[in-house]
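On a predicted model such as this, the values are computed, not experimentally measured, just so you know. No hydrogens, no waters, no symmetry mates; every other heavy atom, side chains included, goes into these values. We name chains A, B, ... by the order of the sequence lines, and we start the count at 1 in each one.
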Amino acid sequence: MSETCTPHSRTCPECDGRLDASTDETVCTECGLVVSENRIDHGPEWRSFADDAGTRRRTGAPLTRSRHDRGLSTEIGYRDGAVRLTGRKRRRVTRMRRQHNRARISSKADRNQVYAFTEIRRVVSRLSLPENVRDQACVLFESAQSEDLIRGRSLEGFAAAVVYATCRTAAVSRTLSEVVDVARATRDELTAAYDAMNRELGLPVGPVDPREYLPRFASALDLPSDVERRATELVALGHERNLVSGRNPGGFAAACLYTAAVELDHPLTQADAAAVADVTPVTLRSAYHDLTE
DNA sequence: ACGATTATTGCGTTCTT
DNA sequence: AAGAAAACAATAATCGT
């Protein structure tokens, strides 16, 4: 936990006296001016039980939803510090450690959750999504599990599906294919899980706005920002003329980018634009045709 | 199960080099 | 003239309801 409100100067701004930062307040030893107080540390305690005076170590991982026990587990350390264990004592500690770790993830549901959460973390990071998406995805997985939706369906599918679903609710949509590409699940497993959750949990997902795709597609195609800006206008235009509903939003986004590129004389083929959206040139063309009227 | 959208394939046309 | 790109058409597959 980094120190908050650390004064930049080592001396008192009033009288240049020496500062005493040994307590919660940083105070000038000459005039008594309190330079900074506060110091409410919301983070986990840094101090180790073993050596209060010496080196500081984490007593555990930061609190997070993406670990099945929210990072609140205890562990038996591997490195022996002051005491050197030998012989039977050492074996005994090893045995305790093993049993402790087993007990930590006891039930089958917990084991599944551990596995799923690792997979969620992996997918989220591969898609370079923010932390809050990761945590929400984990929460969603918990709901799915408590509703008993997972039994008989693929665990990997659920891991991928909760990420996909969370992206949609958080307005940072990824296409199905983008998720499938990095997930350890097939498209069918993902949709099976997604459909089940949508049916039983009633996900708050509306149709995806094509604008959510524009920034990523634009950068994948190396398009300048003015083309992207024009494309967002075109999406708005499409909404007005009811060209969006019922269509593949990714395809429409690609069509807007292509149209904008043509308008601004930027070289871009339909095939390339369609490829980043994972649609065929034909679909792009149909949207492009509607757009240029 | 139905209607609409999209994919696939093939082919003649247009544009560029 | 050759090759790429865009356009068009017909059918199959898929999706949303």
Distance in Å, A:Phe141 CZ paired with A:Asn112 CG, rounded so as to fall on 0.5 Å steps: 6.5 Å

Residues A:Arg247 and A:Asp290 bridged, charged N to O under 4.0 Å: yes

DNA chain C contacts made by residues 258-276 of chain A, counting heavy atoms under 4.0 Å: A:Tyr258, A:Leu268, A:Thr269, A:Gln270

Presence of salt bridge, A:Glu212 and A:Arg168, under 4.0 angstrom: no

Check: A:Glu156 and A:Tyr115 side chains under 4.5 Å, non-hydrogen atoms: yes

Most 5' of A:Tyr288 and A:Arg187 on DNA chain C, judged by nearest nucleotide: A:Tyr288

For A:Tyr258, the rest of its hydrophobic cluster, which grows through side-chain links under 4.5 angstrom: A:Val208, A:Tyr213, A:Leu214, A:Phe217, A:Leu221, A:Leu223, A:Val227, A:Val235, A:Leu257, A:Val262, A:Leu264, A:Leu268, A:Val276, A:Leu284, A:Tyr288

Distance, rounded to the nearest Å, where A:Asn198 contributes CG and C:dG16 contributes C1': 12 Å

Carboxylate-amine/guanidinium proximity below 4.0 Å for A:Glu189 and A:Arg153: no

Interatomic distance, A:Arg241 atom CZ to A:Leu234 atom CG [nearest 0.5 angstrom]: 9.0 Å

Ion pair A:Asp148/A:Arg151, N-O distance below 4.0 Å: yes

Which atoms of nucleotides 3-9 of chain B (N or O only) lie under 3.5 Å from a protein N or O atom, and what are those distances?
{"residue": "B:dT6", "atom": "OP1", "partner": "A:Asn248", "partner atom": "N", "Å": "2.5"}
{"residue": "B:dA7", "atom": "OP2", "partner": "A:Thr280", "partner atom": "N", "Å": "3.4"}
{"residue": "B:dA7", "atom": "OP2", "partner": "A:Thr280", "partner atom": "OG1", "Å": "3.0"}
{"residue": "B:dA7", "atom": "OP2", "partner": "A:Thr283", "partner atom": "OG1", "Å": "2.6"}

